[in-house]
Amino acid sequence: MIPNTSAPVRTRFAPSPTGYLHVGGARTALFSWAFARHFGGVFVLRIEDTDLERSTPEAVQAILDGMNWLGLQHDEGPFYQMRRMDRYREVLAKMLAEGTAYHCYSSPEEVEAMRERQRASGEKPRYDGTWRPESGKTLPEIPADRKPVIRFKNPLDGEVSWLDVVKGQITIGNRELDDLVIARPDGTPTYNFCVAVDDWDMQITHVIRGDDHVNNTPRQINILNALGASLPHYGHVPMILGTDGQKLSKRRDAVSVMDYLDKGYLPEAILNYLARLGWSHGDDEIFSMEQMCSWFDLNHLSSSPAQFNPEKLAWINNHYIKAADNTRLADLVRAQMEKDGAQFEHAPELPAVIALMKERTNTTNELAEASMLFYRQPNADAALRQQHITDAVLPALAHYASACKTVEWNKAALSAMMKETLAQYSLKMPQLAMPLRLLLTGQLQTPSIDAVVELFGRDVVLQRLSSVA
Ligand code: GLU
């Protein structure tokens with residue numbers, strides 16, 4: 001069979017729920033989504049929920065939430081494997097009838113014993129074909145009271161070969177492959193079989209997934225061939241490595257997409273960052289998803305593993321925070337600030353504060369923290385006050401406070417007032433700006449003092465300077 005080349009593009013993301021959407025999964029989902037979008041195709045979401053212990057409703061929901069947050073909208077699905085059991089049974093029956101699968105009555109102990117023997121004689125352990133029907137062969141008598149598994153009748157000779165869109169030509173000898181169990185004694189189908197049937201039924205044209213699945217592909221190809229299905233193209237994307245060059249680990253790294261929401265990242269930054277982990281478009285680092293969809297191709301997927309770089313992610317997030325609408329950012333930080341005790345009454349509008357503070361913040365969490373400056377009572381450290389609010393500077397502060405009563409309230413006028421005060425008292429900017437910062441905000445690090453004063457507004461400024469007026 002040759003890959004399906006002329007059919008409209010249909011890709012899929014097929015996560016097994018584990019409790020969270022992994023960043024590696026999100027990246028393959030993004031590639032599959034962008035590829036479908038590029039060709040005006042269809043992106044299918046399929047939940048591989050046959051592991052009943054892990055596939056709790058919450059774990060499934062976590063996948064949907066992650067996809068939703070990222071905006072990776074599926075066109076079809078979500079399909080759930082657990083709801084497709086009748087279909088799998090139907091295909092199993094067809095394969096049994098056509099002779100591409102067979103009942104195997106070898107007990108687990110017998111299978112283990114044959115493996116032991118093979119290992120002992122230096123062979124690769126595999127099912128020895130006891131129950132594999134061949135013409136002219138007499139099968140053993142069916143043991144009483146034993147439920148059979150169903151095995152796939154893998155070709156004995158020849159090889160499976162596919163041009164992997166990421167890794168190039170991959171060829172595996174059929175002798176390397178076992179007669180795979182495709183249904184357990186209780187009739188439930190197994191993983192590789194379900195994936196093959198699903199990809200066939202859902203007419204998937206391009207399977208883009210992590211390279212931890214590369215060993216499954218020849219098995220799935222053989223099953224698809226046995227079913228008379230056309231083959232999708234396969235692309236196996238290398239793993240994402242952590243900063244230490246090791247596989248991302250749940251214990252060490254933030255591997256759940258939603259961790260990044262909690263840490264204050266914007267979804268567009270995560271998508272842009274993930275896009276560049278293993279795919280490139282020239283030297284472009286910052287691009288929108290519209291651009292990505294118009295550029296995305298499989299030729300520029302990298303065949304070497306990409307390393308996670310938190311600094312770069314922070315830089316990209318900073319870019320998107322700066323570009324984001326201030327009202328949207330205000331909505332994102334308000335709850336956090338309320339939790340931190342922000343008092344929003346008699347204080348500047350949050351979006352205006354955001355506009356000033358967002359330049360320097362890498363995450364919305366940092367933005368929330370930085371914006372607190374305007375929403376809490378200043379509580380300067382006594383030692384700092386002593387150091388900066390000296391007798392020498394008090395007359396200038398009093399002058400400034402008094403001028404605040406009548407000055408026109410805009411940045412230009414405030415800035416002129418500041419210059420005039422500095423000149424009159426022969427002070428340098430920090431000599432006046434630092435005490436003003438302490439009095440107004442309780443801290444020494446703030447954006448430009450004129451901007452801070454303007455944002456606070458006349459009433460708050462006069463009130464906070466009253467002790468030196
Ligand atoms: N369910 C598999 C996983 O979560 C992916 C299967 C596939 O993409 O073929 O790793």
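One-based numbering, in listed order, for ligands and for the atoms of each. Just so you know, these numbers come straight off a predicted model, no measurement behind them.
- Test Phe13, Phe296, Trp279 against Phe31 for ring pair (Phe, Tyr, Trp, His ring centres under 6.0 Å) and you get one pass: Phe296.
- You'll find the side chain of Asp198 reaches within 4.5 Å of the side chain of Arg84, heavy atoms only.
- In summary, the atoms of ligand 1 found under 4.0 Å from a heavy atom of Glu48, numbered by their order in the structure, are 1 (N), 2 (C), 5 (C), 6 (C).
- Of the protein's heavy atoms, Ala14 O, 3.2 Å lies nearest to atom 5 (C) of ligand 1.
- For Tyr234, no heavy-atom contact with ligand 1 is shorter than 4.0 Å.
- A cation-pi arrangement is absent between Arg12 and Phe43 under the rule of less than 6.0 angstrom and at most 45 degrees off the ring axis.
- Remark: minimum distance from atom 10 (O) of ligand 1 to any protein heavy atom is reached at His213 NE2, 2.8 Å.
- The closest protein non-hydrogen atom to atom 6 (C) of ligand 1 is Tyr191 OH, 2.9 Å.
- Taking a 4.0 Å cut-off on heavy atoms, Phe13 fails to register as neighbouring ligand 1.
- For the pair Arg12 and ligand 1, the shortest N or O to N or O distance falls below 3.5 Å.
- For the 3.5 Å distance criterion, the side chains of Arg276 and Ser302 fail to qualify, holding no donor opposite an acceptor.
- Pairing each heavy atom of Met82 with each of Asp49, the nearest pair is N-OD1, 2.9 Å.
- Shown here for Leu224 and Pro232, the closest heavy-atom pair between the two residues is CD1-CD, 3.8 Å.
- In terms of N/O distances under 3.5 Å, ligand 1 is approached by Ser16.
- Between the side chains of Glu98 and Thr100, not a single donor N or O lies within less than 3.5 Å of an accepting N or O.
- Considering backbone and side-chain atoms alike, Pro15 places every N or O at 3.5 Å or more from each N or O of ligand 1.
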